[in-house]
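The analysis underlying the following values was restricted to heavy atoms, covering all of them including side chains, and did not include hydrogens, waters or symmetry mates. Naming convention: chains lettered A, B, ... in sequence-line order (proteins, then strands); numbering from 1 in each chain.
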Number of protein chains: 2
Amino acid sequence: MYSSELIKGTLKTIILALLSDEEKMYGYEITQKVKNLTGGKIQLTEGALYPTLHALEAQGILTTEVVNVGNRLRKYYTITPSGKTVAHEKVTEFSEFMATMLILLDLQPRAGEA
Amino acid sequence: MYSSELIKGTLKTIILALLSDEEKMYGYEITQKVKNLTGGKIQLTEGALYPTLHALEAQGILTTEVVNVGNRLRKYYTITPSGKTVAHEKVTEFSEFMATMLILLDLQPRAGEA
DNA sequence: TCACAATACATAATTTTCTTAGGTATATTT
DNA sequence: AAATATACCTAAGAAAATTATGTATTGTGA
């Protein structure tokens, strides 16, 4: 589990990246997928996830559809076309940010080094 | 310039990584070095930097030394031995976090792809 | 020489974002 | 039967940053 401080600010990027791949996920499913893909190293808390999903919906980035499964309800989130653009921008930006951090933290392998 | 949300939580890591390399820097110098190394894409704000430096000092991770240069004062920060350990842990953790994010954002190149 | 930008420190109010804690309810496993 | 997992949600508080100030010196360009 990474220190929460480190994960800060990446939640929207994670959500949008997953929904760009899957086109339809519900909240709990997102928490499980993140947990599985990261070997438990990133675990989204519901208190952070749900308000963010609601905000993304309010911004027109996601749309929702409530489905009854058995006696329980699931709220599926789908990314909108404009949301796909936002998702792509966010992922690209994070990718560039990582490259910048590699330089800054001096983690970049350079020629002529052991 | 990256969206500030993305940079959140990396300030301590950046400061400690730089001070591990240089052994002695003052606040303004840190802002300039970060700006230069990142081509202006990361610009630390003073309102974030100074309180963080003070906190790191209070935790015994950094020590200070005030020097007069001309008529102006500079507060130099030096990393302590225990601070070096913290710095290394922070950088390692961020490095692993990036690897995790590559998987999560599906940015990892895999065999058999175009 | 006068104004502006840069150097150099600092803090306080506000905002943003997350954590912690709580609440409701059904389904499954032990 | 109890505990865990599934599935949603919100509210209070904490943490971290932004924005806005404030002080003061030094260098630069009009």
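With hydrogens and angles left out, the side chain of A/Glu46 and the base of D/dC8 share a donor-acceptor pair within 3.5 Å. At a cut-off of 3.5 angstrom, the base of D/dT6 holds at least one donor-acceptor pair with the side chain of A/Arg72.
Look at A/Glu23 and A/Lys84 and you find a salt bridge, because one of the NZ, NE, NH1 or NH2 atoms lies within 4.0 Å of a carboxylate O, short of that distance. Salt-bridge check for B/Lys90 with A/Glu5: passed, with a basic side-chain N closer than 4.0 Å to an acidic carboxylate O. Contact check on B/Lys33 versus B/Glu22 returns a salt bridge, with a Lys/Arg side-chain nitrogen under 4.0 Å from an Asp/Glu carboxylate oxygen. A/Arg74 and A/Glu29 are not joined by a salt bridge, as no carboxylate oxygen comes within less than 4.0 angstrom of a charged side-chain nitrogen.
The side chain of B/Leu73 lies closest to C/dC9, out of C/dC9, D/dT6, D/dA16. Distance from the side chain of A/Tyr28 is smallest for D/dA7 among the nucleotides D/dA7, C/dA10, D/dC9. The side chain of B/Arg74 lies closest to C/dA8, out of C/dC9, C/dC18, C/dA8. Of all nucleotides listed (D/dA17, C/dA8, C/dT19), D/dA17 comes nearest to the side chain of B/Ala48. In this structure, of D/dA16, C/dA8, D/dC9, it is D/dC9 that holds the atom nearest to the side chain of A/Tyr50.
For the pair A/His54 and D/dT10, the criterion of a side-chain N or O lying under 4.0 Å from OP1 or OP2 is met. Put simply, A/Lys75 has a side-chain N or O that comes within less than 4.0 Å of OP1 or OP2 on D/dC9. Contact annotation: A/Thr45 side-chain N/O to C/dT19 OP1/OP2 distance is under 4.0 Å. When the side-chain nitrogen and oxygen atoms of B/Tyr26 are compared with OP1 and OP2 of C/dC9, none of them lie within a distance under 4.0 Å.
DNA chain C is contacted by both A/Val69 and A/Lys8; A/Lys8 maps to the nucleotide lying nearer its 5′ end (nearest heavy atom per residue). With the nearest nucleotide of DNA chain D identified for both B/Asn71 and A/Gly47, A/Gly47 has the one nearer the 5' end.
Atom C1' of nucleotide C/dA8 and atom CG of B/Leu53 are separated by 13 Å, given to the nearest angstrom. Distance A/Leu49 CG to C/dT20 C1': 16 Å, rounded to the nearest Å. For the pair A/Glu5 CD and C/dT20 P, the computed distance is 13 Å after rounding to whole Å. A straight line from CD of A/Gln43 to P of C/dC18 spans 16 Å, rounded to a whole angstrom. In this entry the distance linking CG of B/Leu44 with P of C/dA8 reads 16 Å, nearest Å. The distance between atom CD of A/Glu29 and atom P of D/dA7, rounded to the nearest whole Å, is 9 Å. Distance, A/Ile30 CD1 to D/dT6 P: 15 Å, rounded to whole Å. The distance from atom CE of A/Met25 to atom P of D/dC8 is 11 Å, rounded to the nearest whole Å.
Put simply, A/Leu73 and A/Val67 are part of two different groups of oily side chains (I, L, V, M, F, W, Y) that touch within less than 4.5 Å, one to the next.
As judged by a 4.0 angstrom heavy-atom cut-off over every strand, A/Gly27 is placed among residues touching the sugar-phosphate backbone only. Using a 4.0 Å heavy-atom cutoff across all strands shown, A/Leu11 reaches sugar-phosphate atoms only and no base atom.
Among A/Thr80, A/Thr52, A/Ile79, A/Thr78, the single residue meeting the side chain to side chain contact (heavy atoms under 4.5 Å, CB included) criterion with A/Leu62 is A/Ile79.
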